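Quick notes on the structure that follows.
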Amino acid sequence: MADDKKLTTRAADFSAWYNELVLRAELADYAPVRGCMVIRPNGYGIWERMQRQLDDMFKATGHVNAYFPLLIPQSYLSKEAEHVEGFAPETAVVTHGGGKLLEEPLVLRPTSETIIYSMFAKWVQSYRDLPILINQWANVVRWEMRTRLFLRTLEFLWQEGHTAHATHDEAESETRRMLGVYRTFMEQYMAMPVITGQKTESEKFAGALRTYACEAMMQDNKALQAGTSHNLGQNFAKAFELKFQSAEGTEEFAWNTSWGVSTRMVGGLIMTHSDDKGLVCPPRLAPIEVVIVPIFRSDEDKARVLEAADKLKATLGSFERPEHLRRRIHIDAREGMKPGAKYYEWELRGVPLRMELGPRDLDAGQCVIVRRDTGTKQPIPLVELETALPALLEQMQSELRANALARREANSIRERISYDKFKEVMAGNGGFVYAGWCGDPAVEAQVKEETKATIRCIPDPEFRSAEPPTTCMVTGRPATCEVLWAKAY
RNA sequence: CGGGACGUAGCGCAGUCCGGUAGCGCACCUGAAUGGGGUUCAGGGGGUCGCGGGUUCGAAUCCCGCCGUCCCGACCA
């Protein structure tokens with residue numbers, strides 16, 4: 001921080017910019033334990049709004065919430081071979097309780113497939129007991145080597161949906177449906193466009209049949225995996241004896257899915273929209289939509305302006321209004337701080353709209369509204385705020401999404417390029433590269449080794465090229481599919 | 001766990017080479033003025049200098065050990 005008041009710029013050091021923004025906007029802070037963070041009210045408020053929206057969407061798609069315990073017998077994790085291989089290296093293990101060595105160590109859940117499907121096995125007898133459509137909001141622990149605020153911490157908050165079905169096809173359509181829910185949420189609420197698609201064998205979830213993901217592009221052109229949805233097949237059902245009797249009387253293993261998004265999305269939101277002045281928060285997820293900065297000199301003016309501000313908040317923000325008509329308003333009435341200083345602070349914190357309200361405005365029956373993303377100022381008559389505020393907020397919401405989409409496409413390469421050119425791109429500005437792939441995992445490994453880029457996904461049809469690639473970018477062999485390459489978080 | 005940097009007031013740092021009264025900026029508290037883009041003046045509070053040991057009359061400073069944090073790798077939502 002050369003200048004004490006300004007953030008390091010994105011261009012100078014994206015990583016430093018991100019860290020400083022998170023800390024100074026008071027979204028999160030480092031905790032005493034390495035790799036752990038405290039999510040402060042400004043950051044938690046965003047997560048809460050994400051939760052509320054997603055929870056509504058899960059309920060609307062037929063899911064119910066439940067809660068399973070944090071502690072899982074270590075042996076459970078070992079019951080599915082690929083699963084234990086994938087997660088064992090990063091589990092935290094409890095060996096003592098009440099001062100005594102435990103007979104069997106307990107792991108802090110890195111994810112809850114094992115405990116949940118072991119319980120499903122108790123609850124399911126018949127095909128009539130299916131499907132089970134459960135979600136839980138929880139914390140999980142993964143002992144990562146390198147951590148970053150929101151993007152990768154030892155403990156993080158998430159939701160994990162877990163379902164059980166009678167058939168493969170039903171499980172598959174559930175897997176796809178929830179990926180679609182994530183996509184809708186990310187686009188409509190986070191204003192963050194995503195590429196959806198399937199993960200390759202090497203990138204899929206440990207223990208899954210197939211993994212699908214939403215991949216977003218951050219402002220440094222790196223990809224962020226923002227949500228995953230897994231078709232688990234019968235792998236866990238077999239490990240935990242999750243069986244049911246079919247209508248035909250036969251005994252069958254159930255088909256499971258799991259899907260999750262985490263507090264990592266807060267990091268994605270930050271890196272998608274924010275600028276060198278601080279956070280830019282999409283209005284729909286902003287804990288505060290409008291901050292009123294009162295301006296006054298004399299005591300008379302002060303009383304008059306604050307009264308007007310209170311009145312605006314009491315009417316436009318009244319809890320008696322239906323939520324979509326209720327504005328989330330904060331009045332910054334702090335004494336001894338000049339308006340300019342407040343402007344900078346609320347810009348750092350990402351409040352979408354700022355309302356400047358002073359004696360001159362009141363005389364004219366108006367206020368001045370400033371948009372956080374564009375900085376544009378406009379006077380608005382007080383009597384029109386009721387309709388003007390939601391219109392401005394929605395306009396900002398959709399422009400943020402459109403801008404993020406334009407930026408992603410401007411940094412995507414869809415024409416066929418040579419592997420040499422690809423190396424240049426990845427060594428330079430990076431970005432998303434669509435290319436043919438022969439399907440050989442060794443090629444993935446080689447490219448990762450040489451360029452640090454990985455296959456983010458095999459994009460869903462709507463994201464694929466009009467002209468499908470016929471050869472592998474790396475080997476020149478016939479392509480089995482088109483893939484999306486990028487360096488990732 | 002490998003490579004690098006660092007640990008001194010809430011935050012950012014100087015002081016360490018060359019041992020001798022613990023400092024600066026911001027933040028914070030009090031008062032007054034100020035108030036439409038980071039306000040000014042005056043006064044004030046706050047530290048076992050990461051921890052442990054050693055050398056010395058005397059250690060933030062020198063030596064040894066440990067712990068922790070951040071950045072770059074290998075691992076990952």
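Just so we're clear, the structure is a prediction, and the values are computed from it rather than from any experiment. In what follows, chains are A, B, ... by sequence order, proteins preceding strands, each numbered from 1.
- Ranking B:C75, B:G36, B:G73 by closeness to the A:K448 side chain, first place goes to B:C75.
- Here A:M337 lies in heavy-atom contact (under 4.0 Å) with a base.
- The listed nucleotides are B:G36, B:G37, B:A77; the one nearest the side chain of A:R142 is B:A77.
- When distances are taken from the side chain of A:R34 to each of B:C70, B:U39, B:G36, the shortest belongs to B:C70.
- Taking the side chain of A:M145 as heavy atoms from C-beta on, and the options B:A74, B:U69, B:A77, the nearest nucleotide is B:A74.
- A:T257 and A:T163 are linked by a side-chain donor-acceptor pair at a separation below 3.5 angstrom, with hydrogens and angles left out of the test.
- Stacking between A:W158 and B:A77 is absent: the ring centroid is not both under 5.5 Å from the six-membered base ring centre and under 30° in plane angle.
- Residue A:P359 is classed as a base contact, given a heavy-atom separation below 4.0 Å to a base.
- Between A:R10 and A:Q219, the side chains place a donor N or O and an acceptor N or O closer than 3.5 Å (distance only, hydrogens not considered).
- Within the nucleic acid shown, A:G336 comes within 4.0 Å of at least one base atom, counting heavy atoms only.
- A:H162 and A:S258 share no donor-acceptor pair across their side chains, judged by distance under 3.5 Å alone.
- Under the Watson-Crick and G-U wobble criteria, each requiring two contacts below 3.5 Å, nucleotide B:G50 is paired to B:C66.
- Under 3.5 Å, the side chain of A:R297 and the base of B:G35 form no donor-acceptor pair of N or O atoms.
- Using a 4.0 Å heavy-atom criterion, one finds that A:R354 contacts the bases of the nucleic acid, with or without backbone contacts as well.
- Distances were taken from every side-chain heavy atom of A:D361 (C-beta onward) to each of B:G36, B:C75, B:G37; the shortest belongs to B:G36.
- Nearest nucleotide to the A:K6 side chain, out of B:G38, B:C70, B:A77: B:G38.
- When both pairing distances are held under 3.5 Å, B:A74 makes no Watson-Crick or G-U pair with any nucleotide shown.
- The side chain of A:K302 places no N or O atom within less than 4.0 Å of a non-bridging phosphate oxygen (OP1 or OP2) of B:G35.
- Looking at A:E356, its side chain has no donor and acceptor atom pair within 3.5 Å of the base of B:G37.
- Look at A:K452 and you'll find a side-chain N or O under 4.0 angstrom from OP1 or OP2 of B:G73.
- A tilted orientation is assigned to the rings of A:F87 and A:H83, their planes being inclined by 30° to 60°.
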